[in-house]
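Residue numbers start at 1 and run along the sequence shown. Predicted, not measured: the structure shown is a model, and the values here were computed from it.
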Amino acid sequence: MWLIKILLMALFFVFLVQNNEMVNVWPIPQDNLTVAVSVVYLVLFCVGYLCGRLSAWAAYAPLRAMVRKQKKENKLLSKEHEKLNQEHEKLNQQITSLQEEKNERVNGFSLNRKIKGWFSKPSVDDK
């Protein structure tokens, strides 16, 4: 895209350099002001470019407002996501600690199992 713009600008400036005729500016009387055609075209080109940029800026104003609103919403959602992620991590830690406690109870010393073992029938292996 930039290559096309550069090529068109180069062609325009070649056109300006070749047109060096002196002309009178229409609203001003003929005796007072004569300028080269290239200057008139250059001024008109700059005015047209500035008007086009202003028009584009005004046309995209609603889009820019929507993008700003979306950025604010994204920031709020990101903060909420971080809070939920921290809460999730805490719950995962609690689950792992509860699982470790359960494993310790099953594998460790249990008075209930010991008492039940005293009153149970001996197994065939014990004889």
Side-chain angles (χ1 to χ4, degrees):
M1 189 64 167
W2 283 100
L3 184 62
I4 294 171
K5 288 180 181 179
I6 291 172
L7 181 63
L8 289 174
M9 291 294 293
L11 290 174
F12 181 72
F13 283 115
V14 166
F15 173 75
L16 290 181
V17 169
Q18 289 179 351
N19 289 319
N20 288 331
E21 293 181 29
M22 300 300 281
V23 293
N24 294 325
V25 180
W26 165 68
I28 301 172
Q30 293 179 355
D31 297 338
N32 294 344
L33 183 64
T34 58
V35 291
V37 172
S38 59
V39 172
V40 174
Y41 281 134
L42 184 61
V43 168
L44 290 176
F45 175 78
C46 291
V47 168
Y49 179 78
L50 292 175
C51 288
R53 294 300 296 170
L54 182 63
S55 171
W57 179 77
Y60 285 110
L63 180 65
R64 287 191 310 270
M66 189 171 37
V67 168
R68 278 193 306 270
K69 181 181 174 188
Q70 190 68 36
K71 282 182 181 180
K72 287 179 183 177
E73 289 176 4
N74 287 347
K75 197 178 281 187
L76 291 174
L77 287 173
S78 178
K79 287 180 182 179
E80 185 178 345
H81 182 261
E82 286 180 21
K83 288 179 184 176
L84 290 174
N85 195 17
Q86 289 174 353
E87 199 172 311
H88 182 260
E89 289 295 324
K90 288 178 184 177
L91 291 174
N92 276 342
Q93 289 174 353
Q94 288 177 355
I95 288 173
T96 55
S97 65
L98 289 174
Q99 286 176 347
E100 288 174 359
E101 287 177 15
K102 179 182 173 187
N103 288 339
E104 287 176 5
R105 281 190 221 142
V106 170
N107 296 334
F109 175 77
S110 173
L111 186 59
N112 288 339
R113 280 198 312 175
K114 187 129 181 142
I115 293 173
K116 285 181 184 177
W118 288 341
F119 298 105
S120 66
K121 294 181 182 178
S123 66
V124 177
D125 296 333
D126 291 339
K127 291 183 182 180

- Message: Is there a side chain to side chain contact (heavy atoms under 4.5 Å, CB included) between Leu3 and Leu7? Walk through the geometry before answering.
- Response: CA-CA 6 Å; Leu3 184 62; Leu7 181 63; 5.8 Å; no
Among all residues two or more places apart in sequence or in another chain, which pass the side-chain contact (heavy atoms from CB on, under 4.5 Å) test with [X]?
{"X": "Glu80", "result": "Leu77, Leu84"}
{"X": "Met22", "result": "Thr34, Ala36"}
{"X": "Tyr41", "result": "Phe12, Phe15, Leu16, Val37"}
{"X": "Glu73", "result": "Lys69, Gln70"}

To the nearest 0.5 Å, tell me how far [X] [atom1] sits from [Y] [atom2].
{"X": "Thr96", "Y": "Glu101", "atom1": "OG1", "atom2": "CD", "answer": "10.0 Å"}
{"X": "Leu91", "Y": "Leu98", "atom1": "CG", "atom2": "CG", "answer": "10.5 Å"}
{"X": "Ser38", "Y": "Gln18", "atom1": "OG", "atom2": "CD", "answer": "11.0 Å"}
{"X": "Cys51", "Y": "Leu44", "atom1": "SG", "atom2": "CG", "answer": "10.5 Å"}

- Item | Side chain proximity check, Lys71 to Asn74, heavy atoms < 4.5 angstrom | no
- Message: Hydrophobic clustering (ILVMFWY, side-chain heavy atoms < 4.5 Å, transitive) - are Phe45 and Val39 grouped together?
- Response: no
- Message: Check for me, please, whether Leu42 and Val47 land in the same ILVMFWY cluster - side-chain distances under 4.5 Å, paths through other members count.
- Response: no
- Note on the structure: Using a 4.5 Å side-chain heavy-atom cut-off and chaining through intermediate ILVMFWY residues, the residues clustered with Trp57 come out as Leu54
- Task: Share the residues that join Trp2 in a hydrophobic cluster, the rule being Ile, Leu, Val, Met, Phe, Trp or Tyr side chains under 4.5 Å apart at the heavy-atom level.
- Result: none
- Task: Decide if atom CZ of Arg53 counts as having more than 12 heavy atoms of other residues, nucleotides or ligands within a radius under 6.0 Å.
- Result: no
- Message: Using a 6.0 Å cut-off, check whether atom CG of Leu8 has over 12 heavy atoms from anything other than its own residue.
- Response: yes
- Message: For Ala58 versus Pro62, what's the shortest heavy-atom pair and its separation?
- Response: O-CD, 4.1 Å
